[in-house]
Amino acid sequence: MDISRLSVEARRRRSSEMRGFLRSRRARLTPEDVGMPAGGGRRTPGLRREEVAVLAGVGVSWYTWLEQGREINVSEDVLDSIARVLRLGPAEREHLYLLAGLNPPQAPPANRQVTPGLRRVIDGWMPRPAYVIDRHWNLVAVNRAARLVFGYDESDYNCLVSYFTNARYRSAICDWEDGARAIVGRFRADAARYPDDPEFGRLAEDMCAASAAFADIWAEHGIGGATEGRKVLNHPDAGQLVFDYTTLPLPDLPGHRIVLHTPEPGGETEGRLGALTDRESVGVS
């Protein structure tokens with residue numbers, strides 16, 4: 001982001017926000033928190049600007065200008081040092097980057113498991129399909145409706161792979177080729193967001209070897225970014241099902257997204273879906 005291109009009013013708001021943000025983060029820390037002697041004669045709580053500057057390894061004048069929101073040159077290393085001294089969390093660190101006019105660094109892939117609360121959201125979406133995928137499109141959590149509707153079983157571990165290699169899924173999806181181009185375009189766009197992640201290249205290479213259709217579409221270099229749309233499929237037991245889907249990011253799990261499917265309003269999908277899940281429940285019991 002080029003701060004110099006912002007309007008005068010936008011630059012004023014940015015300076016005010018930077019000033020208030022850094023002051024509030026200084027105020028919540030004590031010298032003891034950062035290993036410094038307490039000292040005396042402090043008129044206001046928290047660390048002084050001079051102390052933050054020394055601990056971050058930057059000049060006092062430069063830090064003062066930063067806190068005042070002046071248009072100065074900043075680097076990622078310096079911002080990371082300030083974030084470390086002020087003990088900023090991931091969201092606060094990202095906010096500091098944005099206020100300083102830099103793109104926040106990409107968060108590393110999350111290794112944490114799906115929380116019980118998120119699991120309840122997915123299961124509570126029943127009888128409608130819902131699942132969570134990670135940045136590489138691996139299926140992290142899938143509710144029972146998604147398994148019934150899309151035919152996912154224990155061998156299906158990745159949305160992209162299943163779209164091209166799961167025979168049942170491919171035969172059921174209407175307008176499969178259009179969907180294939182859309183999904184490959186979204187995967188390529190995701191890969192561009194993480195240029196230092198070799199897993200995207202490995203997965204694309206494996207898919208080109210496993211699927212001629214994927215290889216042909218990948219060679220087109222299409223890009224997609226839609227986070228919502230429609231899926232139509234002919235289910236072998238339930239008949240035609242029409243869903244509107246929405247993809248939402250999960251900030252607490254960097255790179256993860258939840259995909260929620262809602263039956264087409266006014267259609268027959270909702271009734272057919274309920275009958276399908278009820279029939280499966282009776283069969284299981």
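- In this structure, V54 is not a member of the same hydrophobic cluster as V74, with clusters built from ILVMFWY side-chain heavy atoms closer than 4.5 Å.
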Checking side-chain contact (heavy atoms from CB on, under 4.5 Å) for the pair E67/F21: CA distance, chi angles, key distance, verdict? CA-CA 8 Å; E67 191 171 293; F21 178 67; over 6 Å; no
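- Side-chain atoms of R170 do not come within 3.5 Å of backbone N or O of A167 as any donor-acceptor pair.
- A donor-acceptor pair is defined here as one N or O able to donate and one able to accept, closer than 3.5 Å; such a pair exists between the side chain of R272 and the backbone of Q240.
- Ring-plane geometry between Y131 and F150 is classed as perpendicular, the angle between the planes exceeding 60 degrees on a 0 to 90 degree scale with a lower cut at 30.
- A donor and an acceptor atom, one from each side chain of S155 and D153, are located under 3.5 Å apart.
- The backbone N or O of R48 lies less than 3.5 Å from a partner atom in the side chain of E51, making a donor-acceptor pair.
- Inter-residue side-chain proximity for F187 and M207 is flagged as unmet; no heavy-atom pair is nearer than 4.5 Å.
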Verdict with supporting geometry, H256 and R135, side-chain contact (heavy atoms from CB on, under 4.5 Å): CA-CA 6 Å; H256 287 54; R135 69 156 65 166; over 6 Å; no
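- Salt-bridge formation is not detected for the pair D244/K231: no Lys NZ or Arg NE/NH1/NH2 atom is positioned less than 4.0 Å from an Asp or Glu carboxylate oxygen.
- Ion pair R181/E220 flagged as a salt bridge, since at least one NZ, NE, NH1 or NH2 atom sits closer than 4.0 Å to an Asp/Glu carboxylate oxygen.
- In this structure, L273 and P127 approach most closely via the heavy-atom pair CD2-O, 3.0 Å.
- Distance alone, capped at 3.5 Å, is enough to place a donor-acceptor pair between the R14 side chain and the G69 backbone.
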N158 and N138: CA distance, side-chain angles, deciding distance, side-chain hydrogen bond (donor to acceptor under 3.5 Å, both in side chains) verdict: CA-CA 4 Å; N158 183 285; N138 292 314; 3.0 Å; yes
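- The CG atom of N234 sits 9.0 Å away from the CD1 atom of I173 when rounded to the nearest 0.5 Å.
- Heavy atoms only, all atoms of each residue included: L203 and V161 are closest at CD1-CG2, 4.1 Å.
- Within the 4.5 Å cutoff, the side chain of E228 has no heavy atoms near those of the T247 side chain.
- Using a cut-off of 4.0 Å between Lys/Arg side-chain N and Asp/Glu carboxylate O, R193 and D190 are scored as salt-bridged.
- Listed for the N143 side chain is a donor-acceptor partner under 3.5 Å among the backbone atoms of A130.
- At a threshold of 4.5 Å between non-hydrogen side-chain atoms, the residues M126 and T277 count as touching.
- For R257 (side chain) and P249 (main-chain N/O), no donor-acceptor pair under 3.5 Å exists by modelled atom type.
- Contact detail for D156 and S162: the closest heavy-atom pair is OD1-OG, 2.7 Å.
- A 6.0 Å sphere centred on CG of N73 holds no more than 12 heavy atoms belonging to other residues, nucleotides or ligands.
- Pairing each heavy atom of I183 with each of C159, the nearest pair is CD1-O, 4.5 Å.
- Looking at H136 and D197, their side chains do bring a donor and an acceptor atom within 3.5 Å of each other.
- The distance from the CG atom of D134 to the CD atom of E199 is 9.0 Å, given to the nearest 0.5 Å.
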Does the pair L102 and L79 meet the rule for a side-chain contact (heavy atoms from CB on, under 4.5 Å), with working shown? CA-CA 10 Å; L102 295 181; L79 289 183; 3.7 Å; yes
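- E264 CD: more than 12 foreign heavy atoms inside a 6.0 Å radius.
- No donor-acceptor pair under 3.5 Å is formed between the side chain of D175 and the backbone N or O of D178.
- Expressed to the nearest 0.5 Å, how far OG1 of T269 lies from CG of L276 amounts to 11.5 Å.
- Ring centroids of W137 and Y163 are separated by 6.0 Å or more, keeping the two rings apart.
- In this structure a side-chain-to-backbone donor-acceptor pair under 3.5 Å is present from S81 to D77.
- Under the 4.0 Å criterion applied to side-chain N and carboxylate O atoms, R84 and D80 are not assigned as salt-bridge partners.
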Could you walk me through whether R28 and E92 pass the salt bridge (charged side-chain N to carboxylate O under 4.0 Å, His left out) check? CA-CA 14 Å; R28 70 182 182 182; E92 294 172 322; 3.0 Å; yes
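- Between F243 and H261, the ring-plane angle classifies as perpendicular under the 30° and 60° cut-offs.
- Follow the hydrophobic side-chain contacts under 4.5 Å out from Y194 and you reach W218 in the same cluster.
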Check step by step if side-chain contact (heavy atoms from CB on, under 4.5 Å) holds for F214 and V184. CA-CA 8 Å; F214 178 91; V184 172; 3.8 Å; yes
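- Pairing each heavy atom of L29 with each of V85, the nearest pair is CD1-O, 3.4 Å.
- Nearest heavy atoms, I122 versus A141: CD1-CB, 3.6 Å.
- Taking a 6.0 Å sphere around CD of E205, one finds it holds 12 or fewer heavy atoms contributed by other residues, nucleotides or ligands.
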